[in-house]
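Notes for the one structure printed next.
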Amino acid sequence: PYTYDWAHIPGNDNIEDIDSVGENTYIVTVTDGSGCTASRQFVINEPDQLEIVIADSQSLSCNGIQNGFVDLTIIGGVLPYTINWTQDNVPIPNTTEDIFNLGPGNYSVTVRDAQNCLAEATIPILQPQALILVQRYLNNVTCNGLNNGNVGYDTEGGVNPISFLWSNGSSVEDQTN
């Protein structure tokens with residue numbers, strides 16, 4: 001009969017195989033019936049933790065334009081990765097790390113590695129309010145040949161900074177004369 005002594009593992013004496021151990025270096029000494037011994041060292045490694053890093057993302061630049069994107073970096077775990085995306089909890093047919101031409105919504109990604117370890121992230125892609133021009137005033141020219149008319153607008157929504165370009169080439173918000 002053999003006896004087994006696993007160094008640094010209390011309660012596992014006289015057990016040939018050990019289970020459910022973490023990353024570490026393990027040494028077993030086996031003794032036979034004559035008192036002869038042999039020792040062996042085993043190194044159990046573990047991969048780095050599977051993580052999703054959001055390298056970059058962009059919400060929509062204008063209301064109604066689908067130009068959002070998500071750029072991920074996946075680190076750790078064991079290759080290959082399986083990638084699944086949803087938009088507002090509805091699966092989308094994209095299994096790549098990065099996605100483009102996105103509309104507004106919450107995009108969730110699930111990454112599984114070869115060992116079935118899991119990492120998840122949710123990235124909101126926002127849509128700005130529609131840009132609306134609100135006329136503040138409009139005054140016609142008072143007499144033929146004069147240049148005393150004027151028009152003024154306010155803006156609502158959109159994304160700052162807001163620029164103006166009138167048909168006469170002017171770029172100021174309000175036109176006079």
Side-chain angles (χ1 to χ4, degrees), residues 18-26 42-141 147-177:
I18 57 173
D19 295 322
S20 302
V21 294
E23 177 182 35
N24 207 338
T25 300
Y26 298 93
F42 301 92
V43 178
I44 296 181
N45 297 308
E46 71 178 355
D48 291 335
Q49 181 177 345
L50 180 63
E51 293 182 60
I52 298 170
V53 177
I54 302 167
D56 196 10
S57 68
Q58 175 181 297
S59 289
L60 281 58
S61 60
C62 295
N63 185 284
I65 296 178
Q66 292 190 317
N67 64 346
F69 70 84
V70 176
D71 177 9
L72 300 180
T73 301
I74 301 171
I75 57 175
V78 178
L79 291 171
Y81 302 128
T82 301
I83 301 168
N84 292 297
W85 286 93
T86 63
Q87 177 187 9
D88 298 322
N89 298 318
V90 176
I92 58 175
N94 192 318
T95 58
T96 61
E97 189 171 307
D98 304 325
I99 55 175
F100 303 92
N101 302 319
L102 304 179
N106 288 312
Y107 289 82
S108 297
V109 60
T110 301
V111 178
R112 287 192 185 277
D113 73 358
Q115 300 295 335
N116 207 30
C117 296
L118 176 70
E120 298 175 302
T122 298
I123 306 94
I125 299 296
L126 305 175
Q127 174 170 248
Q129 291 181 352
L131 177 60
I132 299 171
L133 296 177
V134 179
Q135 181 179 321
R136 285 185 299 154
Y137 56 87
L138 173 65
N139 297 307
N140 293 320
V141 174
N147 289 324
N148 64 352
N150 55 41
V151 61
Y153 278 88
D154 284 330
T155 58
E156 294 177 2
V159 178
N160 287 322
I162 295 175
S163 60
F164 292 82
L165 180 60
W166 292 89
S167 59
N168 65 1
S170 174
S171 59
V172 297
E173 182 175 348
D174 298 328
Q175 288 293 297
T176 59
N177 297 330

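Just so you know, these numbers come straight off a predicted model, no measurement behind them.
Taking each heavy atom of I74 and I83 in turn, the nearest pair found is CD1-CD1, 3.7 Å. The nearest pair of heavy atoms linking G77 to P47 is O-CB, 3.7 Å. The minimum heavy-atom distance between Y26 and V21, with the atom names listed, is OH-CB, 3.3 Å. Shortest non-hydrogen contact noted between L60 and P104 is CD2-CD, 3.7 Å.
Taking the side chain to side chain contact (heavy atoms under 4.5 Å, CB included) definition, one finds that V43 meets it with T25, Q41, N45, sequence neighbours left out. N139 meets the side chain to side chain donor-acceptor pair (under 3.5 Å) test with N150; sequence neighbours excluded. Qualifying side chain to side chain donor-acceptor pair (under 3.5 Å) partners for N101, counting only residues two or more places apart in sequence or in other chains: none. T96 pairs by the side chain to side chain contact (heavy atoms under 4.5 Å, CB included) definition with N94, I99, not counting sequence neighbours. Under the side chain to side chain contact (heavy atoms under 4.5 Å, CB included) criterion, Q66 pairs with no residue at all, not counting sequence neighbours. The side chain to side chain contact (heavy atoms under 4.5 Å, CB included) test applied to F100 returns F69, D98, not counting sequence neighbours. For S170, the side chain to side chain donor-acceptor pair (under 3.5 Å) test picks out Q175, with sequence neighbours left out.
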Donor-acceptor pairs are to be reported for all side-chain atoms of residues 116-138 against protein atoms at under 3.5 Å, with residues two or more places apart or in another chain.
residue: N116; atom: OD1; partner: R112; partner atom: NH1; Å: 3.4
residue: T122; atom: OG1; partner: S108; partner atom: OG; Å: 2.9
residue: Q127; atom: OE1; partner: G64; partner atom: N; Å: 2.9
residue: R136; atom: NE; partner: D154; partner atom: OD1; Å: 3.1
residue: R136; atom: NH2; partner: D174; partner atom: OD1; Å: 2.5
residue: R136; atom: NH2; partner: D174; partner atom: OD2; Å: 2.4

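Taking OG1 of T155 as the reference point, atom CD of E173 lies at 6.0 Å (rounded to 0.5 Å).
Listed by first then second residue, pairs satisfying side-chain hydrogen bond (donor to acceptor under 3.5 Å, both in side chains) with a partner in residues 48-64 read S61-N67, not counting sequence neighbours. Pairs passing the side-chain hydrogen bond (donor to acceptor under 3.5 Å, both in side chains) check and including a residue from residues 76-93, sequence neighbours excluded, read Q87-Y107.
Residues D113 and L79 are not in side-chain contact: their nearest non-hydrogen atoms beyond the backbone lie 4.5 Å or more apart.
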